[in-house]
Amino acid sequence: MKKIIQDLSKEELSACIKPAFRAKQIYHWVYHKYASSFEEMKNLPKEMRETLATTYTLSPLKQVMVQDSKDGSRKYLYELHDGHTVEAVLLLMKDKVYHEDGTLKHQERYTVCISSQVGCKVGCAFCLTAKGGFMRNLTAGEIVEQVRLIKKDKHIDANRRVNIVYMGMGEPLDNLEAVVKSVKIFADEEGMAIATHRQTISTSGLSTKIEKLGKMELGINLAISLHAVDDALRQQLMPINKAYNIASIINAVKHFPVNDRKRVMFEYLVIKDVNDDISAAKKLLSLLDGIKAKVNLIYFNPYGGSTFKRPSVEDMQMFQSYLTSRGLHCTIRESKGLDISAACGQLREQALEGAKDA
Ligand code: SAH
Ligand code: SF4
């Protein structure tokens, strides 16, 4: 089987391909010109292009489905070489804005939400990705390729910065090595140049891995999927809480290096009549005391067969204002792409269902 060229860092590529400047040229073709074949790389000698094509592939992912949302977000389903599928979502965070005189004020702002595994071992009760179980880890190249293909698809210029969130399918810290490698490949100045402070890893709270990630001092942002403030409830929602309880997560976060201008994000999935009462908000406030934190409230996104319910707008706002009025930064996540079911795993599920019907 051919090797995935996106699995290689620039240094690794330089070690394989001589002279070293050729590696830089290839990197440029891959990440700036979004090449899909070695044949296109016209400034490389023909012989080299042919040898590369026999050793490497540039296409580890094949787009099999897309869905557009009214709000400008687009969701992609990709097939891997072994037939498994993963999702990635392009989120339009801000539209292009012009000044009154017609000059450009700012470009569109994009965030790409990417997957790190096929399925997930963590098994959260509210998550569709968990339902299909765990298949395998993605390689660094399979992670990187999601962003490269999306930038290519949307004609996003190589110099335009996008943000990255590891919030698609899978638990990124359960695939730490490949995820960290992808973070570094994204950040390479001669590649996509997406600085680590533009990348966020979201985790269900593998405390020991949070500590390990922190020690690497990558400058990456951290998001914790907390979702409950007492261990009994959290354990029901997220079985991983048996191994890593709330106290261990808070302790790990306290050791995590946070950029001066940033905060650790605590995601709190609000489920109607499960964790949406004000006493939970009160406990959350005391739990996060002394941490440079911000809270992001997420509406539970229902899917076929789920027993949980979406909270009302009023309940969400009450929860939020309890926290903000006491000085905690708290936002409500806009349900970007809700009409295309943006919560992870939902497009894949639809495709699998479709395949069953066919
Ligand atoms: N495994 C990591 C990252 C992927 S999940 C983690 O759990 O943090 C990304 C986010 O999607 C998590 O905060 C998760 O709680 C949320 N999510 C899962 N199912 C959801 C649903 N049905 N509705 C809304 N958000 C959901
Ligand atoms: Fe895995 Fe995250 Fe889904 Fe939990 S919410 S099952 S950790 S992907």
Side-chain angles (χ1 to χ4, degrees), residues 75 86-89 91 111-138 143 146 164-176 178-179 182-183 199-207 209-210 213 220-228 233-244 249 252-253 264-272 274-276 294-311 316 331-350:
K75 189 167 197 175
V86 289
E87 294 181 4
V89 189
L91 300 159
T111 293
V112 187
C113 175
I114 53 176
S115 294
S116 55
Q117 297 180 317
V118 184
C120 184
K121 288 180 206 159
V122 177
C124 301
F126 48 79
C127 176
L128 195 54
T129 297
K131 299 275 176 286
F134 173 76
M135 296 299 172
R136 71 166 171 91
N137 282 329
L138 295 190
I143 297 172
Q146 297 169 48
I164 290 179
V165 291
Y166 290 79
M167 287 187 190
M169 296 164 58
E171 167 49 55
L173 297 191
D174 188 34
N175 184 16
L176 190 62
V179 163
S182 68
V183 167
Q199 303 185 41
T200 302
I201 290 184
S202 174
T203 176
S204 55
L206 281 65
S207 314
K209 297 287 178 68
I210 296 172
L213 181 70
I220 196 158
N221 307 307
L222 183 66
I224 304 286
S225 290
L226 194 65
H227 309 331
L233 177 61
R234 195 166 190 274
Q235 211 151 299
Q236 278 176 31
L237 298 175
M238 308 174 74
I240 191 137
N241 197 74
K242 283 188 206 108
Y244 304 104
I249 297 172
V253 169
V264 174
M265 188 205 279
F266 285 84
E267 296 161 282
Y268 192 91
L269 180 71
V270 185
I271 308 173
K272 187 177 162 58
V274 172
N275 62 355
D276 58 349
K294 63 179 175 191
V295 172
N296 196 218
L297 302 177
I298 310 168
Y299 282 97
F300 170 69
N301 200 7
Y303 49 88
S306 69
T307 49
F308 296 127
K309 293 198 174 61
R310 194 178 156 85
M316 260 324 232
T331 48
I332 298 176
R333 182 176 297 170
E334 282 177 64
S335 296
K336 290 274 174 201
L338 189 66
D339 54 320
I340 53 165
S341 23
C344 56
Q346 303 195 359
L347 185 59
R348 175 172 176 252
E349 182 74 8
Q350 205 173 307

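Excluded from the calculations below are hydrogen atoms, water molecules and symmetry mates; all remaining heavy atoms, backbone and side chain alike, are included. Counting starts at 1 for both ligands and their atoms, following the listed order.
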A student checking ligand 1 against Glu267 at a 4.0 Å heavy-atom cut-off should list atoms 13 (O)
Any heavy atom of Leu269 under 4.0 Å from ligand 1? The part involved is side chain
(message) Using the rule given for side-chain contact (heavy atoms from CB on, under 4.5 Å), can you reason through Leu226 versus Arg234, listing the C-alpha separation, both sets of side-chain angles and the distance that settles it, and then say yes or no?
(response) CA-CA 8 Å; Leu226 194 65; Arg234 195 166 190 274; 4.0 Å; yes
Heavy-atom closest pair (Gln199 atom, Ile220 atom, distance to 0.1 Å) is O-CG1, 3.1 Å
Near Gly168 (heavy-atom distance under 4.0 Å), the atoms of ligand 1 are 4 (C), 5 (S)
The atoms of ligand 2 lying under 4.0 Å from a heavy atom of Ala130, numbered in the order shown, are 6 (S)
Would you check the N or O atoms of Leu128, main chain and side chain alike, for any that come under 3.5 Å of an N or O of ligand 1?
-> no
Note: Phe126, heavy atoms under 4.0 Å from ligand 1, region reported as both
>> Do Glu267 and His227 have side chains that approach each other closer than 4.5 Å (heavy atoms only, starting at C-beta)?
In response: yes
Within 4.0 Å of some non-hydrogen atom of Ser204, the atoms of ligand 2 are 7 (S)
CG (Leu237) and SG (Cys127) are apart, to the nearest 0.5 Å, by 12.0 Å
**Asked** Run the side-chain contact (heavy atoms from CB on, under 4.5 Å) check on Val274 and Phe126 step by step: do they pass?
**Response** CA-CA 11 Å; Val274 172; Phe126 48 79; over 6 Å; no
Tyr299 heavy atoms within 4.0 Å reach ligand 1 at atoms 24 (C)
Near His227 (heavy-atom distance under 4.0 Å), the atoms of ligand 1 are 13 (O), 14 (C), 15 (O)
Apply side-chain contact (heavy atoms from CB on, under 4.5 Å) to Tyr166 and Asn175, showing your working.
-> CA-CA 11 Å; Tyr166 290 79; Asn175 184 16; over 6 Å; no
Would you say Cys120 has an N, O or S atom lying under 2.8 Å from atom 4 (Fe) of ligand 2? no
To atom 3 (Fe) of ligand 2, the nearest of Cys127, Ala125, Pro239 on a heavy-atom basis is Cys127
If we number the atoms of ligand 1 from 1 as shown, the ones under 4.0 Å from a heavy atom of Tyr166 are 3 (C)
task: Assess whether side-chain contact (heavy atoms from CB on, under 4.5 Å) is satisfied between Ile210 and Leu173, documenting all intermediate values.
output: CA-CA 8 Å; Ile210 296 172; Leu173 297 191; 3.7 Å; yes
One should read off an interatomic distance between Leu213 CG and Thr203 OG1, to the nearest 0.5 angstrom, of 9.0 Å
Correct closest heavy-atom pair for Met169 and Gly119 would be CE-N, 3.9 Å
The side-chain contact (heavy atoms from CB on, under 4.5 Å) partners of Asn221 (sequence neighbours excluded) come to Thr200, Lys262
Here the atoms of ligand 2 under 4.0 Å from any heavy atom belonging to Val122 are 1 (Fe), 7 (S)
Test of proximity, Tyr303 against ligand 1: N or O pairs below 3.5 Å: no
Ligand 1 to Ser204, heavy atom cutoff 4.0 Å, flagged ligand atoms 6 (C), 8 (O)
If we number the atoms of ligand 1 from 1 as shown, the ones under 4.0 Å from a heavy atom of Thr203 are 6 (C), 8 (O)
Within 4.0 Å of some non-hydrogen atom of Gly123, the atoms of ligand 2 are 6 (S)
Per-atom filter on ligand 1: closer than 4.0 angstrom to a heavy atom of Gly170 are 1 (N), 2 (C), 3 (C), 4 (C)
Query - Polar contact flag, side-chain donor to acceptor under 3.5 angstrom, Ser116-Glu171 - result: no
